[in-house]
Amino acid sequence: AVIKNLPRKNVESFRFDPNTVSVEELCRLGFTLKQAESIDKYRSSGGRFRRKEDFRKSYVVSDSIYQRLEQYVDIPLVDLNTADSTALDDLPGIGGWYASKIIEYRNSLGGYSSKEQLMEIYRFDQQKYDALADLVTVSEPYVYPLWTLPADSLRKHPYIRNYETAKAIVMFRDHTPPDSWTIENLRTAGIISPESARRMAVCVQPPKIIRN
């Protein structure tokens, strides 16, 4: 009877990131102060919720609360083109060495065009990719300016790698009409390998042709 006569607690539902939501906001979401402080203590000790399921598995998150809040849990994906080493290091199976390699390869590419390019990094295999594929994104895919760069710049790209290939690409541009500037034509002409063509297809777009 006493419980029934107590004023009912106002419970809210709003979008939140369990990694950054405040104790006060957790209480507004329906957690007790003790539960909210427990979540905060877990984060302060280095714990992190990478997926919604991680939050659901927390012992202070009951099934009923999670069912109500599931659609509001908003854990941002890690953008491979803007993330720093700390954000990358926190991904499963990465650590400091791979985090530095991801940034190093990003600089070499000019930017990631797709997250699958991670598997081009040395020893970054399918298993490692599958463990984090749902946690990362490329919000603004990088477009490599293959059709405008000089040979000195082209040779630095990991899909080209040498000056002879870079010069051949420039020569191809100089002696063929823009309508013919395609990755497939570069491959057919023997300028780039089939593997390089496959990789370039992800990050190179056809040139914009201005017609009179």
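Note that the numbering runs from 1 along the sequence shown for the chain.
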Checklist line | hydrophobic_cluster_shared for Val202 and Met200, side chain cutoff 4.5 Å | finding: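 In one cluster: no.
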Next item on the list: Check whether Tyr72 and Val61 end up in the same hydrophobic cluster, where Ile, Leu, Val, Met, Phe, Trp and Tyr are linked by side-chain heavy atoms less than 4.5 Å apart.
Entry: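 Yes, because Tyr72 and Val61 connect within a single hydrophobic cluster, where side-chain heavy atoms sit under 4.5 Å apart.
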Side chain of [X], backbone of [Y]: donor and acceptor closer than 3.5 Å?
X      : Y      : answer
Arg106 : Ala83  : yes
Tyr98  : Arg123 : yes
Trp147 : Val204 : no
Lys115 : Val138 : no
Lys101 : Tyr122 : no

To the nearest 0.5 angstrom, please state how far the [atom1] atom of [X] sits from the [atom2] atom of [Y].
X      : Y      : atom1 : atom2 : result
Thr32  : Glu37  : OG1   : CD    : 8.5 Å
Tyr129 : Ile121 : OH    : CD1   : 12.0 Å
Tyr66  : Glu53  : OH    : CD    : 5.5 Å
Ile39  : Leu26  : CD1   : CG    : 5.0 Å
Leu91  : Ile102 : CG    : CD1   : 6.5 Å
Asn81  : Ser113 : CG    : OG    : 7.5 Å

For atom [atom1] of [X], decide whether the heavy atoms of other residues, nucleotides or ligands shown that lie under 6.0 angstrom number more than 12.
X      : atom1 : result
Asp130 : CG    : yes
Gln127 : CD    : no
Met119 : CE    : yes

Donor-acceptor pair between [X] and [Y] side chains, under 3.5 angstrom:
X      : Y      : answer
Ser139 : Thr137 : no
Glu120 : Tyr159 : yes
Ser38  : Tyr59  : yes

Next item on the list: List the steps and the verdict of side chain to side chain contact (heavy atoms under 4.5 Å, CB included) for Tyr112 and Val136.
Entry: CA-CA 12 Å; Tyr112 288 102; Val136 300; over 6 Å; no
Item checked: Check ion pair Asp40-Arg43 (N to O, under 4.0 angstrom) ->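 Here Asp40 pairs with Arg43 in a salt bridge, since their nearest N and O are under 4.0 Å apart.
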Margin query: Strictly below 4.0 Å, N to O, side chains only: are Lys167 and Glu164 in salt-bridge contact?
Written below: yes
Check: Does Arg161 have any side-chain hydrogen bond (donor to acceptor under 3.5 Å, both in side chains) partners at least two apart in sequence or in another chain, and if so, which?
Finding: none
pair [X]-[Y]: side-chain heavy atoms closer than 4.5 Å:
X      : Y      : value
Thr148 : Arg173 : no
Phe49  : Asp17  : no
Pro92  : Leu135 : yes
Val11  : Arg68  : yes
Ile65  : Val60  : no
Pro158 : Leu109 : yes
Leu80  : Leu88  : yes
Tyr105 : Leu118 : no

Smallest separation among heavy atoms of [X] and [Y], with atom names:
X      : Y     : result
Cys27  : Ala36 : SG-CB, 4.0 Å
Ala87  : Asp84 : N-OD1, 2.9 Å
Gly95  : Asp89 : CA-OD1, 3.0 Å
Pro18  : Val73 : CD-CG1, 3.9 Å
Glu24  : Arg28 : OE2-CD, 2.7 Å
Ile103 : Ser85 : CD1-N, 3.7 Å

Notebook entry, point to check: Taking Phe172 as the fixed residue, which of Asp174, Thr176, Ile169 is the one that meets the side-chain contact (heavy atoms from CB on, under 4.5 Å) rule?
Noted result: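 So the option named by the test is Thr176.
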Checklist line | Of all pairs that satisfy salt bridge (charged side-chain N to carboxylate O under 4.0 Å, His left out), the ones with a partner from residues 70-81, not counting sequence neighbours | finding: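 Applying salt bridge (charged side-chain N to carboxylate O under 4.0 Å, His left out) to every pair that reaches into residues 70-81, excluding sequence neighbours, yields Arg15-Asp74.
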Please table the atom pairs, donor to acceptor, closer than 3.5 Å between any side-chain atom in residues 185-195 and protein atoms at least two apart or in another chain.
| from | atom 1 | to | atom 2 | distance (Å) |
| --- | --- | --- | --- | --- |
| Asn185 | ND2 | Ser180 | O | 2.7 |
| Asn185 | ND2 | Thr182 | OG1 | 3.2 |
| Arg187 | NE | Glu184 | OE1 | 3.2 |
| Arg187 | NE | Glu184 | OE2 | 3.2 |
| Arg187 | NH2 | Glu184 | OE2 | 2.5 |
| Thr188 | OG1 | Glu184 | O | 2.8 |
| Thr188 | OG1 | Glu184 | OE2 | 3.4 |
| Ser193 | OG | Ser196 | N | 3.1 |
| Ser193 | OG | Ser196 | OG | 3.2 |
| Glu195 | OE1 | Arg198 | NE | 3.3 |
| Glu195 | OE2 | Arg198 | NH2 | 2.6 |
| Glu195 | OE2 | Arg199 | NE | 3.1 |

Next item on the list: Give the ring-plane orientation class for Phe14 versus Phe16, where under 30° counts as parallel, over 60° as perpendicular and anything between as tilted.
Entry: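 Plane angle over 60°, so perpendicular.
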